[in-house]
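Numbers restart at 1 for each chain; the letters A, B, ... are given by sequence-line order, proteins then strands. What's counted below: heavy atoms across the whole structure, side chains too, no hydrogens, waters or symmetry copies. Only a predicted model underlies this, so the values are computations on that prediction, with no experimental measurement involved.
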There are 2 protein chains.
Amino acid sequence: MSDAYYLQLTEQLRTLIDQNAAQWKGKLPAERVLAERFATTRVTLRQALSQLEGEGLIHRSNRRGWFISPARLVYDPTRDAGFNDYVRAQGRQPRTAVLKLEARVHPPAARALGLPDDQPFQHIRRRRYVDDRAVLVESLWVVPERAPELLDIYAGQSLWGLLRERWGHYLANRSIRMVSEALSPLDAEELSVAPGTAGLNINRAIFDDQQRPIEYDEEHWLHDSLCISVELSGQR
Amino acid sequence: MSDAYYLQLTEQLRTLIDQNAAQWKGKLPAERVLAERFATTRVTLRQALSQLEGEGLIHRSNRRGWFISPARLVYDPTRDAGFNDYVRAQGRQPRTAVLKLEARVHPPAARALGLPDDQPFQHIRRRRYVDDRAVLVESLWVVPERAPELLDIYAGQSLWGLLRERWGHYLANRSIRMVSEALSPLDAEELSVAPGTAGLNINRAIFDDQQRPIEYDEEHWLHDSLCISVELSGQR
DNA sequence: CCCGGTGATTGGTATAGACCAGAAGTGTGC
DNA sequence: GCACACTTCTGGTCTATACCAATCACCGGG
């Protein structure tokens, strides 16, 4: 079929992974071992592995090796179920680590919310896991007036839950953007992956039912851990 | 800053591209030329170029060279504006080439629409362009009863327009899924890109206002040509 | 002036080997 | 039994080179 050797290799690896997934417990043998088994060089082998990485079948943890990717998380950005809820609803274990809490300006957030560039925000940066694999990092930029003591009380719980229960905010209007990206060195390091790993960038600008800005957030997902799903039912 | 040379190279290329975009008319110099200019090998140079490719700044047309990528098309999958409409609305030129018209079974489509595996469909495969760059290929699988003479009359126009105007179908309920992918050798060839190029796969199952299945479609986009945008306003 | 042949150019693929830095595993001494 | 230093393993990066096949630019013939 395909003339290129690395494409044949890709197929052979695919079946090999399929057959040995259980025995390997999720981690592939070392590149040098695989290269020898297929009588080729690491360069060519890595080209084949990168192919499978692009498909989302395997991924690598920086300098630790290649791993078989778990099933993608199904995610509907149009609903406002929190991360913890929909991860659990899919029978998986969510976890969140707070990386930073601070007050800062952030012009991109200000612009997305229609505020002046020097508008200060309460910034929360956190990393989120599914079954102990870090799948995304995100930054949240909350308008201080909407959640005055946020930085003092926040400890990793659902932000949307807090906004609703403590401050009574309706997250009524959302403007969402999604683009594929290569993870920045910073994001990559926080996710323990190689710089430039393929990712998906999701941004949201959120307003309440009176069009007052509430918050802006930027999510950086590993590209292979996500399946976006939207269900729409009849209008127009 | 970044230790790795190819990451420095990436930055240098970024500014170089910025400065010379106009003069180069969208096409980068040959790899060998660039490699020599930066006193490195093609292998390393390609690593840096791949980095920029992942970011969506440049792309390659198979065996023809590297090109500067145009701005992403903004696309809202929740609205039912046709491709031609929203491309023009962004001041750009749409074009469609029909690649295939046939009657066939297609189990994945059948399953997505809740029909038996041996359900026949009217299959349309087409390639779509923005400003003469092929940005996606797609397959449409239409339930024959909903559009009897489709294969005879179809000639590249808007399918949704046809369904609405000729057969009076309401495309009321949609189930949409989006996942990142590596383009299959077939898709890649039809888009004139290297096999395994990063892409975005968008699937839709469409039902009318009485929940009768109408059609299923599979789009394969080049990852760098798309920005998904969704605007939601208040309910709940 | 159009067409087709031809050769140079260019990206795609592959080999062989090397060094480095981070991660993991090992062992030693307290 | 635990903390820490050391060694080994592994992926990440890089050099230098080679050949092939598709493409492109050029040129000559009809």
Filtered N/O pairs between nucleotides 22-25 of chain D and protein, under 3.5 Å:
from: D:dC24; atom 1: OP1; to: B:R64; atom 2: NH1; distance (Å): 2.9

First and last nucleotide of DNA chain C touching chain B, 5' to 3', heavy-atom cut-off 4.0 Å?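 The contacted stretch runs from C:dT10 to C:dT13.
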Distance in angstrom units between A:Y6 OH and D:dC20 C1', rounded: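 In whole Å, D:dC20 C1' lies 15 Å from A:Y6 OH.
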In whole angstroms, how far is the C1' atom of D:dT15 from the CZ atom of A:R42?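 Atom CZ in A:R42 sits about 14 Å away from atom C1' in D:dT15.
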Taking [X] first and then [Y], would you say they form a salt bridge - that is, a charged N and a carboxylate O separated by under 4.0 Å?
X	Y	result
A:R111	A:D117	yes
B:E190	B:R125	yes
B:R127	B:D187	no

For D:dG11, does OP1 or OP2 lie under 4.0 Å from any side-chain N or O of A:R46?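 Negative; the distance criterion is not met.
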Check the side chains of A:D18 and A:T15 for a donor-acceptor pair under 3.5 angstrom, ignoring hydrogens and angles.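 There is no such pair (donor and acceptor under 3.5 Å, judged by atom type) between the side chains of A:T15 and A:D18.
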In degrees, rounded to 10°, what is the bend between the two ends of the helix from C:dC1-D:dG30 to C:dC30-D:dG1, using five pairs at each?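 So the angle between the two local helix axes works out to 20°.
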Base, sugar-phosphate, or nothing: which does B:R60 touch, judged by heavy atoms less than 4.0 Å apart?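 The answer is sugar-phosphate, as B:R60 gets under 4.0 Å only of primed atoms, P, OP1 or OP2.
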Base, sugar-phosphate alone, or nothing: which one does A:R32 contact when heavy atoms must sit under 4.0 Å apart?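 The answer is base, as A:R32 lies within the cut-off (heavy atoms under 4.0 Å) of a base atom.
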As a quick check of understanding, evaluate side-chain contact (heavy atoms from CB on, under 4.5 Å) for B:Y154 and B:L162, giving each step before the final call. CA-CA 9 Å; B:Y154 186 75; B:L162 259 182; 3.9 Å; yes
